[in-house]
Amino acid sequence: MGVAVEIKPVITQDELLGLLTGVFVEPVTAVHSINSGQIAKAFFFETAGQEYVIRLTRPNVAVGLHKDAFAYRHFASPRLPIPPVVRVGDYAGYTYAITRRMPGKILDEYSGEAYEALVPSIIETLDAIHQTDVSGTTGYGSFDGQGMGLFASWPDFLLTVGDEEDDGGFYGKWHGLFETTFLDRGLFDEIYAEMKALLPFCPAERYLVHADYAFSNVLAADGQVTAVLDWANAYYGDFLFDVAWLIVGMERVDFDGRFRRYYQSQGRTIPHYDERLRCCACYICLDAFRFYAKTGQETAYQWMKKRISHILDD
């Protein structure tokens, strides 16, 4: 039924210290592991009175670290805080990125009234992402470490969620998961067909989309978002993808209602709002299905099945 697969790098404390002492002149102290993320292995550390984060990934998913550096150089602003990237390099067969540690706690550490107090800033910061000028870039969907989109249109990108990859890609020839894991081909095909039928409602306009805006990728303090982390999954395309992401993943807040009221307060009418949300939710679900099957996370898979069923039934 699928066995959990470890996809994070494995690195000893001595190896990590060897890497860091080769980068920094001053002694490195206070090294400790961060228990977050599903692709990268991360650590906090200090040197010369400054706090940093280092993340290490396997080479076939290292483009995300280069995208972080691109996002900091081109998208960071007072309204969109992105951690400064100090260095991206290779070590012992892995790729690493070192960034400055930003203030605040991840959203996962907030609950109740404290989380509710953050919702306005969560929405406003996400809107700042969507208002970012991307005119100096081209293409749609996933972009590379130089910020260039890899697809000719947003629908072209969305349709790839059903495609197998080259053997060297993260998913590779993943259709075999239908036979060897809990991945349900009939359900996958049904939701894929629903998404495909909604593609004509997709806009041609290009927006910056974070595509993983929640959980451990947003820091906050004193009622305000203080940093947006991890741009590995970022796209150019329909900004409602990020709204759908929050609706699908964050049950504790009525993000659907909150965003509708926010756009209304801004005097913004968004064409085909419902169809676009539904289309994006289908993609998010399908991508999660294959990821959970690939990594052996059956409990998460079953949760996503229930979640998308609830959303599509609505």
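All values below were derived from every heavy atom in this structure, side-chain atoms included, with hydrogens, water molecules and symmetry-related copies excluded.
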Salt bridge or not for [X] and [Y], using N-O below 4.0 Å?
X      : Y      : answer
Asp274 : Arg260 : yes
Glu124 : Arg79  : no
Lys306 : Glu251 : no
Arg278 : Glu194 : yes
Arg55  : Asp68  : yes

Item checked: Stepwise ring pair (Phe, Tyr, Trp, His ring centres under 6.0 Å) test for Tyr207 and Tyr235 -> CA-CA 8 Å; Tyr207 297 90; Tyr235 308 141; over 10 Å; no
When the side chains of residues 137-152 are checked against the rest of the protein, which donor-acceptor pairs come out under 3.5 Å, sequence neighbours left out?
{"from": "Thr137", "atom 1": "OG1", "to": "Val134", "atom 2": "O", "distance (Å)": "2.7"}
{"from": "Thr137", "atom 1": "OG1", "to": "Arg206", "atom 2": "NH2", "distance (Å)": "2.8"}
{"from": "Tyr140", "atom 1": "OH", "to": "Ala204", "atom 2": "O", "distance (Å)": "2.5"}
{"from": "Asp144", "atom 1": "OD1", "to": "Gln146", "atom 2": "N", "distance (Å)": "2.9"}
{"from": "Asp144", "atom 1": "OD1", "to": "Gly147", "atom 2": "N", "distance (Å)": "3.0"}
{"from": "Asp144", "atom 1": "OD1", "to": "Met148", "atom 2": "N", "distance (Å)": "2.9"}

message: Treating Asn233 as the side-chain partner and Ala211 as the backbone partner, does any N or O pair qualify as donor plus acceptor under 3.5 Å?
response: no
Q | Exam field: side chain Lys294 to backbone Phe170, donor-acceptor pair closer than 3.5 Å | A | yes
Run the ring-centre check on [X] versus [Y] and record whether the distance is less than 6.0 Å.
X      : Y      : answer
Tyr292 : Phe182 : no
Trp174 : Phe178 : yes
Phe241 : Tyr236 : no

Side-chain donor-acceptor contact under 3.5 Å, [X] with [Y]:
X      : Y      : value
Asp90  : Thr95  : yes
Asp133 : Ser135 : yes
Arg87  : Tyr96  : yes

message: Would you say that more than 12 heavy atoms from the other residues, nucleotides or ligands in this model lie under 6.0 Å from the CD of Gln302, or not?
response: yes
- CA sep, side-chain torsions, deciding dist, call: Tyr52, Phe24, ring pair (Phe, Tyr, Trp, His ring centres under 6.0 Å): CA-CA 11 Å; Tyr52 296 90; Phe24 295 94; 5.2 Å; yes
Only residue of Leu17, Val23, Thr21 satisfying side-chain contact (heavy atoms from CB on, under 4.5 Å) with Leu19 is Val23
Check your understanding: Are Glu46 and Arg101 close enough, and set up right, to give a salt bridge (charged side-chain N to carboxylate O under 4.0 Å, His left out), and what steps lead you there?
Key -> CA-CA 9 Å; Glu46 297 180 18; Arg101 185 175 180 180; 5.9 Å; no
Original post:
Within 45° of the ring axis of Phe43 and under 6.0 Å from its six-membered ring centre, is that where the NZ or CZ of Lys41 lies?
Top reply: yes
